[in-house]
A.B. asks: 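Have a look at the structure that comes next, please.
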Amino acid sequence: MLLGQIEKYVDEKGYAGITLSTNKYVSAPDFCRKNGFLDCGHVLFMAKEMG
């Protein structure tokens, strides 16, 4: 339900889309794919863990 409201807001504002980041080792990627999100090979997300 929350995701639907976010999509409606993004559409109403005329934004280009939604970007999600999640951990590939939890069930969130399957949830995202089930809701129409795609794995974007052209997007590079980088992180540096400290400590």
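Bear in mind the structure is a predicted one, so any value in this text is a computation, not a measurement.
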A.B. asks: Mind checking side-chain contact (heavy atoms from CB on, under 4.5 Å) for K13 and listing every partner two or more places apart, or none if nothing turns up?
C.D. replies: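 Scan of K13 (side-chain contact (heavy atoms from CB on, under 4.5 Å), adjacent residues dropped) gives Y9, Y15.
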A.B. asks: Starting at CG of L20, measure out to CD1 of I6 and round the result to the nearest 0.5 Å.
C.D. replies: 8.0 Å
A.B. asks: Please report the closest heavy-atom contact between A28 and T22, naming both atoms and the distance.
C.D. replies: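 Residues A28 and T22, closest heavy atoms: CB-OG1, 3.0 Å.
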A.B. asks: Could you grab the distance from atom CG of L2 to atom CD of E7, nearest 0.5 Å is fine?
C.D. replies: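 The CG atom of L2 sits 10.0 Å away from the CD atom of E7.
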A.B. asks: Does a side-chain heavy-atom distance below 4.5 Å link L3 with F37?
C.D. replies: yes
A.B. asks: Is there a donor-acceptor pair under 3.5 Å between the side chain of N35 and the backbone N or O of F31?
C.D. replies: yes
A.B. asks: Sequence neighbours excluded and cut-off under 3.5 Å, please list the side-chain donor-acceptor pairs for residues 38-51, or say none.
C.D. replies:
residue	atom	partner	partner atom	Å
D39	OD1	R33	NH2	3.2
D39	OD2	R33	NE	3.0
D39	OD2	R33	NH2	3.3

